[in-house]
Participant: 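Sharing a structure with you now.
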Amino acid sequence: MEFFCYHRDRPGSLELRNELLEEHWSYMDGYAAEMIARGPTLDGDGDAPTGSVHIVDLPDPAAARTFAFGEPGYQAGVYRDVMLRRWRNLLGRTMWEFPGGDTGGNRYLVLGLGAGQAADLEVPSDQDELIAYGPLLSDDGATWLGTAALMRAPDPDTARAVLTPDRYADIEVNRWQFGGRS
């Protein structure tokens with residue numbers, strides 16, 4: 001089962017986040033075989049982290065909760081909240097298999113929170129810039145709750161356009177970059 005996990009930083013936690021960076025990476029190294037994508041969201045300038053995205057393939061929702069809430073930054077109070085949802089990998093690949101590589105261009109997390117009827121369940125026809133794409137689902141996988149995409153785009157508005165705007169209660173776009181050890 002695939003899961004989308006988004007830890008959002010608590011204001012004023014950058015120093016603590018930086019202190020725990022090696023612990024965070026070591027923890028994530030333990031999940032390397034299960035990792036589909038990972039990386040921080042960044043402020044508007046791309047200078048400071050604002051959160052941490054991980055897409056993982058784990059056996060069940062209990063294992064996903066262990067992953068999300070056992071993370072050292074979460075345990076130490078770096079994050080203000082955690083979004084954890086079932087996810088379906090519609091591209092069928094990891095971020096490391098993205099043909100565009102891990103550098104060059106602007107990268108974004110596009111997160112659409114659902115409102116009613118499911119939307120954007122098919123991969124957009126122009127998928128060359130998609131790094132990861134799929135629906136956010138309830139724990140049992142039966143209910144559509146939104147859509148999450150990681151992508152390369154020239155600007156936030158272009159990234160936002162990957163989702164059908166009137167089908168979501170909210171669409172947020174955050175700068176994002178490939179994560180992990182350098």
Side-chain angles (χ1 to χ4, degrees), residues 1-11 35-46 48-58 60-61 64-65 67-69 71 74 78-95 97-100 105-179:
M1 290 180 184
E2 297 153 337
F3 294 88
F4 175 88
C5 181
Y6 183 20
H7 292 89
R8 296 173 199 250
D9 287 13
R10 180 177 48 80
M35 202 67 64
I36 295 168
R38 68 186 280 188
T41 55
L42 305 166
D43 65 11
D45 297 329
T50 60
S52 193
V53 173
H54 296 90
I55 302 174
V56 291
D57 189 354
L58 297 168
D60 54 47
R65 284 189 289 278
F67 168 81
F69 300 113
E71 195 277 336
Y74 176 82
V78 170
Y79 307 116
R80 69 177 165 99
D81 61 55
V82 178
M83 174 188 283
L84 181 62
R85 298 284 185 263
R86 286 272 305 270
W87 188 74
R88 189 171 305 124
N89 186 356
L90 295 183
L91 297 178
R93 66 176 184 230
T94 71
M95 72 178 202
E97 297 166 311
F98 171 59
N106 299 317
R107 311 297 170 111
Y108 297 96
L109 162 65
V110 182
L111 190 59
L113 303 179
Q117 186 87 15
D120 298 319
L121 295 176
E122 302 291 323
V123 176
S125 57
D126 181 16
Q127 62 175 298
D128 294 345
E129 299 302 313
L130 292 174
I131 298 164
Y133 184 90
L136 299 168
L137 305 165
S138 59
D139 274 358
D140 64 4
T143 304
W144 176 82
L145 303 172
T147 305
L150 298 172
M151 64 183 298
R152 182 171 59 188
D155 55 65
D157 289 337
T158 303
R160 180 183 307 276
V162 75
L163 300 182
T164 308
D166 62 347
R167 299 305 299 276
Y168 295 89
D170 186 37
I171 297 176
E172 74 178 70
V173 178
N174 295 283
R175 291 185 67 110
W176 174 83
Q177 69 183 25
F178 276 57

Participant: Assign the ring pair His7 / His54 to parallel, tilted or perpendicular, where the plane angle (0 to 90°) is split at 30° and 60°.
Facilitator: perpendicular

Participant: Using 30° and 60° as the class limits, which term best fits the ring planes of Tyr6 and Phe4: parallel, tilted or perpendicular?
Facilitator: perpendicular

Participant: For Glu97 and Thr94, indicate whether the former's side chain and the latter's backbone hold a donor-acceptor pair under 3.5 Å.
Facilitator: yes

Participant: Kindly indicate, with the supporting measurements, whether the criterion side-chain hydrogen bond (donor to acceptor under 3.5 Å, both in side chains) is fulfilled by Tyr168 and Asp120.
Facilitator: CA-CA 10 Å; Tyr168 295 89; Asp120 298 319; 2.6 Å; yes

Participant: To the closest 0.5 Å, what do you measure between CZ (Arg107) and CE (Met95)?
Facilitator: 9.5 Å

Participant: What I'd like to find out is whether the side chain of Arg85 reaches to under 4.5 Å of the side chain of Phe3, using heavy atoms alone.
Facilitator: no

Participant: Do Leu58 and Phe67 have side chains that approach each other closer than 4.5 Å (heavy atoms only, starting at C-beta)?
Facilitator: yes

Participant: Please report the closest heavy-atom contact between Ile171 and Pro165, naming both atoms and the distance.
Facilitator: CD1-CA, 3.9 Å

Participant: Does any part of the side chain of Leu163, heavy atoms only, come nearer than 4.5 Å to the side chain of Val110, both counted from C-beta?
Facilitator: yes

Participant: Step through the shown structure and confirm whether more than 12 heavy atoms of other residues, nucleotides or ligands are within 6.0 Å of CZ on Arg10.
Facilitator: yes

Participant: Do Arg175 and Thr41 come within less than 4.5 Å of each other through their side chains, counting heavy atoms only?
Facilitator: no

Participant: Quick one: are Phe98 and Leu150 in side-chain contact, heavy atoms under 4.5 Å?
Facilitator: no

Participant: Evaluate the criterion side-chain hydrogen bond (donor to acceptor under 3.5 Å, both in side chains) for residue pair Thr50 and Asp9; output intermediate values, then yes/no.
Facilitator: CA-CA 5 Å; Thr50 60; Asp9 287 13; over 6 Å; no

Participant: Which class fits the ring pair Phe69 and Tyr74: parallel under 30°, tilted 30 to 60°, perpendicular over 60°?
Facilitator: perpendicular

Participant: Salt bridge or not between Asp139 and Arg65? Use side-chain N to carboxylate O under 4.0 Å.
Facilitator: yes

Participant: Is there a side-chain contact between Leu121 and Trp144, using heavy atoms and a 4.5 Å cut-off?
Facilitator: yes

Participant: Do other residues, nucleotides or ligands put more than 12 heavy atoms under 6.0 Å from the CD atom of Glu122?
Facilitator: no

Participant: Between Arg8 and Glu172 (salt bridge meaning N to carboxylate O under 4.0 Å), is one present in this structure?
Facilitator: yes

Participant: Mark yes or no for whether Glu2, through its side chain, and Asn89, through its backbone, hold a donor-acceptor pair below 3.5 Å.
Facilitator: yes

Participant: For the backbone of Gln117 and the side chain of Arg167, can you confirm whether one donor and one acceptor N or O come within less than 3.5 Å of each other?
Facilitator: yes

